[in-house]
Amino acid sequence: MKRLVLLFAIAIFSLSNVEAQNTFPMGIGPFVAVKACINTASIMNGTKTGMTINGMPDLGATFYLPFSAQSTVGATLDLGYSTYSIKSKPESGANDDNTFVSSGNYFSIAPNINFSGFMLGMNVGIPVGTSVSNLSGTLEATSSTTDGMATIIDFRLGGMIPLMHDATGRLNFIVMGGYMVTGMDSDDTSEFNPKAASLMIGFNYLFSIK
């Protein structure tokens with residue numbers, strides 16, 4: 001958890017030194033991002049967790065709507081495919097064979113407010129499937145069933161900073177930290193129901209709509 005918070009703090013500090021005061025028109029376009037996750041729920045005795053980096057990037061589309069033609073404040077809506085992964089391993093004697101990564105796949109709906117490049121919002125994830133594997137790759141299972149999966153909600157804070165722009169559109173660097181406030185398992189009401197904190201880093205390209 002400390003590593004994830006440190007990475008997010010470094011990314012946000014870097015963004016604070018970037019000018020993002022230009023006004024931009026309404027836009028829409030694709031995004032792609034890699035995500036790191038860690039379980040913030042209570043951990044059962046005899047087990048440990050750790051940070052994971054998803055093998056499959058988050059993919060989707062972003063829509064941006066400025067509040068006025070001259071405003072640097074606006075709203076965004078992200079729609080896409082997202083993954084949250086949880087690592088579990090024995091407290092002692094952990095190796096690649098007994099260290100497992102469980103992943104939940106979701107259709108994500110994420111509205112945000114954009115304050116001159118800084119983002120504040122939330123994400124609602126609708127379950128679409130799961131997978132689990134060990135680090136050695138000797139055990140792996142994928143399922144398209146959503147039985148036992150809960151709809152997730154996480155609050156998000158981050159930034160969307162333009163790297164280059166012209167009359168056609170703009171390329172943005174995006175960084176987004178998330179903290180899940182609901183458990184990932186619908187059948188688990190205990191303190192051990194997994195909740196992921198995440199850090200997402202990637203890019204989007206918004207085609208200008210005038």
Side-chain angles (χ1 to χ4, degrees), residues 1-12 33-58 78 80-113 119-158 175-201:
M1 180 65 178
K2 291 181 179 179
R3 292 172 60 191
L4 198 61
V5 171
L6 178 61
L7 287 172
F8 180 66
I10 292 172
I12 290 296
V34 296
K35 182 188 288 173
C37 301
I38 192 168
N39 187 11
T40 62
S42 298
I43 308 301
M44 291 185 178
N45 290 335
T47 63
K48 296 193 300 182
T49 188
M51 188 174 71
T52 63
I53 299 178
N54 295 338
M56 175 69 179
D58 286 10
D78 296 337
Y81 179 89
S82 64
T83 302
Y84 293 85
S85 298
I86 299 296
K87 180 182 288 186
S88 180
K89 57 185 176 181
E91 193 169 10
S92 60
N95 55 51
D96 286 352
D97 288 328
N98 58 24
T99 298
F100 289 87
V101 176
S102 301
S103 299
N105 306 313
Y106 302 86
F107 173 71
S108 288
I109 305 170
N112 303 278
I113 300 296
M119 308 280 285
L120 178 65
M122 63 179 293
N123 174 62
V124 178
I126 301 171
V128 296
T130 61
S131 64
V132 61
S133 63
N134 59 1
L135 294 187
S136 65
T138 57
L139 294 173
E140 186 172 353
T142 302
S143 175
S144 59
T145 180
T146 59
D147 294 343
M149 297 181 69
T151 297
I152 60 164
I153 298 174
D154 61 326
F155 292 108
R156 312 202 307 175
L157 174 68
V175 55
M176 191 72 68
Y179 187 86
M180 200 176 289
V181 295
T182 59
M184 298 173 67
D185 297 337
S186 61
D187 301 327
D188 189 350
T189 58
S190 73
E191 61 182 319
F192 304 112
N193 192 347
K195 297 178 181 179
S198 62
L199 175 64
M200 183 176 71
I201 296 176

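Values reported hereafter were calculated over all heavy atoms of this structure, with side chains retained and with hydrogens, waters and symmetry mates removed.
In this structure, the separation between OG on Ser143 and CE on Met149 is 9.0 Å, given to the nearest 0.5 Å. Atom-to-atom distance recorded for Ile109:CD1 and Met122:CE is 10.0 Å, nearest 0.5 angstrom. Here Cys37 contributes atom SG and Met200 contributes atom CE; the two are 10.5 Å apart, rounded to the nearest 0.5 Å. The distance from atom CD1 of Ile152 to atom CE of Met180, rounded to the nearest 0.5 Å, is 3.5 Å. Here Met176 contributes atom CE and Leu157 contributes atom CG; the two are 8.0 Å apart, rounded to the nearest 0.5 Å. Distance check: Lys48 NZ to Ser92 OG gives 8.5 Å after rounding to the nearest 0.5 Å.
Side-chain contact check for Asp58 and Ser82: no donor-acceptor pair (N or O, by modelled atom type) lies under 3.5 Å. Side-chain contact of Asp154 with Tyr84: a donor-acceptor pair under 3.5 Å is present, judged by distance alone.
Between Met184 and Gly104 the shortest heavy-atom distance is CE-N, 4.3 Å. The two residues Thr47 and Ser88 make their nearest non-hydrogen contact at CB-OG, 4.4 Å. Taking each heavy atom of Val101 and Ser85 in turn, the nearest pair found is CG1-CB, 3.8 Å. A pairwise comparison of heavy atoms in Pro194 and Ile86 identifies CB-CG1, 4.1 Å as the closest pair. Of all heavy-atom pairs spanning Val128 and Tyr106, the tightest one is CG2-N, 3.6 Å.
Checked by atom type and distance alone, the side chain of Asn193 never pairs as donor or acceptor with a backbone atom of Ser190 at under 3.5 Å. Side-chain atoms of Asn95 come within 3.5 Å of backbone N or O of Asn98 as a donor-acceptor pair. At distances below 3.5 Å, at least one donor-acceptor pair connects side-chain atoms of Lys35 with backbone N or O atoms of Thr83. Although no hydrogens or angles enter the test, the distance criterion places a donor-acceptor pair under 3.5 Å between the side chain of Thr182 and the main chain of Ile153. With hydrogens and angles ignored, the 3.5 Å screen pairs no side-chain donor or acceptor of Asn39 with any backbone N or O of Ala196. Between the Asn112 side chain and the Met119 main chain, no donor and acceptor come within less than 3.5 Å of each other. A donor-acceptor contact shorter than 3.5 Å is absent between the side chain of Ser131 and the backbone of Ala141. In this structure, the side chain of Ser102 does not engage the main chain of Val132 through any donor-acceptor pair within 3.5 Å.
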Worksheet entry | side chain to side chain contact (heavy atoms under 4.5 Å, CB included) between Thr99 and Lys87, worked out | CA-CA 7 Å; Thr99 298; Lys87 180 182 288 186; 3.9 Å; yes
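Side-chain contact between Ser103 and Thr130: absent, with no pair of heavy atoms (C-beta onward) separated by less than 4.5 Å. Annotation: side chain of Leu199 is in contact with side chain of Val175 (closest heavy-atom distance under 4.5 Å).
Within 6.0 Å of CZ in Phe107 there are more than 12 heavy atoms belonging to other residues, nucleotides or ligands.
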